[in-house]
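Lettering follows sequence order; numbering is per chain, from 1.
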2 protein chains.
Amino acid sequence: MNAVLVDTKTRILEAAEKLFGSKGFDATSLRDITAEAEVNLAAVNYHFQTKDSLIDAVIARRIDPINRRRLALLAAAGEKPTIEQLVEAFVAPVVEQDAPPMLAMMGRAMANPDLFLPRIFKSHLREVADRFGAAFERAAPELSAAERMWRLMFMAGSMAHVLSWGHIVGAMTDGVCDASDRKDVTARLVRFVAAGFRAPESDGAVMRAKS
Amino acid sequence: MNAVLVDTKTRILEAAEKLFGSKGFDATSLRDITAEAEVNLAAVNYHFQTKDSLIDAVIARRIDPINRRRLALLAAAGEKPTIEQLVEAFVAPVVEQDAPPMLAMMGRAMANPDLFLPRIFKSHLREVADRFGAAFERAAPELSAAERMWRLMFMAGSMAHVLSWGHIVGAMTDGVCDASDRKDVTARLVRFVAAGFRAPESDGAVMRAKS
DNA sequence: GTCTATAGGTTGATAGAC
DNA sequence: GTCTATCAACCTATAGAC
C-alpha cells in the first residue's frame, strides 16, 4: 500500500532505477519498465519523451541531492580538512544513500564512461570535481597533480565497485562481507583510500614536509 | 595487411572484443560485430552458436593467459612476498596487457556482477582467488578476514576503474593523466593499494605486531 | 493524462544452396 | 566454411480516441 499511491511519473522513475541497476541501461527495455511500474507503455513517452532522457532524469533525481550533501559536508569540515574528512565527504553521501536500487544503478553508470562523461560529469559533477580537487590539493600538496588525479580515480573506482557489487558481495564471500551496514562500509572505504592518499609518491623518496 | 590474413573465427573475436569494450555487451549487436570484422552474419552462429557463448569465448581468450601470468608472478615472489609484490602480481598482468581494446572490455565485465560472477569468476578465477587470498592472509595477518576481503574488493575496483576509463582519462584530465604508459599506471596503482592495505584496521587502535 | 493500436526498424538465430 | 534469404520476436516511438 505504497507504490499505488505515488503518481505515474514517479513510479516510472523508481521502476527504471531498479531495472537499470539490476540489468543495465541497454538491457532494460521500456516494456520492462512499464511492466515493473504497472503503467502503460505510452506513459513513458508522454512523461519523458525518449528512453535517453528517461535515463537522464533517473540519474539527475539522485545525483543532485548527493552533490548538495557532498558540498555541505565539505563546508562543514572547515578550513583545513583532513584527508579522511575529504574522502568521507565524497563517499558517504553515495554509499549511505537509503535507496539500495540506486546504488547498483550508480555503479553501472560510473563504469560506462561514454554515458558518464558527457551526460553526468559535464552537467552534474563540475562543481563537486572542482571543489574537491582544490581541497585535495590543499590537503596533499606534496603530491604532483598527476598523482593526485590518479588517486582520485582510484578512490572513485573503489567506491564504484562497492556500488556495483554491494548487493551480491555477501553471497559471494559467504557472509564474511556485509554491505548492508553502509556506515561500516564507508568507514572501511575511508580508511583504505585515505591511507592510499598518504602513500609517498616515489617508492624510494622520502615525503616532503607537509604544511 | 594484417587483419585480412587471420581466419574468420579470430576476426570475429577481435571485432567483438573491440565493440564490447567501446559500446558494452548489450549495446553491441552481432551485426555490429560482423560489419567490423567484415564477415558474414551467419559465420558468428556457425563458429560460436549464440551471442552468449561468443561473449564467453571473447573473455576466456584473454583471462586464461592473464591468470597464468598472475600465478607465475606470485610463485616468483617467493615464500614471503611483500604486499607490493602481491598487488603487482595481481594487477600488472591485466593493466600491462598489450591489447587496449581488451582493457575496456574487462572493465565493463568487472562492473557487471551478474555476468562476472557466474560466467567468469566461477569458471576462471577460483584458483587465482584462492591463492591470492591465502597469500594476502599471510602478508597481512593482523587484518580480520572481513577487512581483508573488503580491501581486495577496493583493489579490484581501483583496477577496474582504470580499465574502464583508461582510454578517456587523458582527454578528461587535459593530459595530466596518461594511461598509455601502462607500467607507470601499474606503479601508481601498486603504491596506492599497498598503502591502503597497510592501514590499521581500527581508527584508534595501534597495529598489532606483524610476523 | 491515460489508453489502444500500430508503424517502422532492429534483433538473434536458422534453413538451405553452394 | 561461407553465403543469401528469411523468420519470429522484440524494440522505440507516435498517432489519435477517450
Inset, instruction - Have a look at Ala43(A) and say if it touches a base, only the backbone sugar-phosphate, or nothing, with a 4.0 Å heavy-atom cut-off. - result: nothing

Could you tell me whether the phosphate oxygens of [N], OP1 or OP2, come under 4.0 Å of any side-chain nitrogen or oxygen in [X]?
X        : N       : answer
Thr8(A)  : dT2(C)  : yes
Asn40(B) : dT4(D)  : yes
Ser29(B) : dT10(C) : no

Legend entry - Ring geometry between Phe136(A) and Phe197(A) (parallel below 30°, tilted from 30 to 60°, perpendicular above 60°): parallel

Inset, instruction - Give the ring-plane orientation class for Phe192(B) versus Phe154(A), where under 30° counts as parallel, over 60° as perpendicular and anything between as tilted. - result: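 The rings of Phe192(B) and Phe154(A) sit tilted, inter-plane angle from 30° to 60°.
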
Legend entry - Asp56(A) and its side chain to side chain donor-acceptor pair (under 3.5 Å) partner, picked from Arg61(A), His124(A), Lys51(A), Arg119(A): Arg119(A)

Give the rounded distance in Å between these two atoms: [atom1] of [X] and [atom2] of [N].
X        : N       : atom1 : atom2 : result
Leu30(A) : dT14(D) : CG    : P     : 11 Å
Phe48(B) : dG12(C) : CZ    : C1'   : 16 Å
Arg11(A) : dG1(C)  : CZ    : C1'   : 13 Å
Ile33(B) : dT11(C) : CD1   : P     : 11 Å
Lys23(A) : dC10(D) : NZ    : P     : 12 Å
His47(B) : dC3(D)  : NE2   : C1'   : 12 Å
Asn45(B) : dA5(D)  : CG    : P     : 17 Å
Arg31(B) : dC3(D)  : CZ    : P     : 15 Å

Inset, instruction - Return yes if a side-chain donor-acceptor contact under 3.5 Å exists between Asp178(A) and Ser180(A), otherwise no. - result: yes

Legend entry - Aromatic centroids of Phe116(B) and Trp165(A) separated by under 6.0 Å: yes

Inset, instruction - Between Tyr46(B) and Gln49(A), name the one whose nearest nucleotide on DNA chain D is closer to the 5' end. - result: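 With Tyr46(B) and Gln49(A) compared, the 5'-side residue is Tyr46(B).
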
Legend entry - Nearest to side-chain heavy atoms of Lys51(B), which nucleotide of dT4(C), dG12(C), dA13(D):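 Selected nucleotide (nearest to the side chain): dG12(C).
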
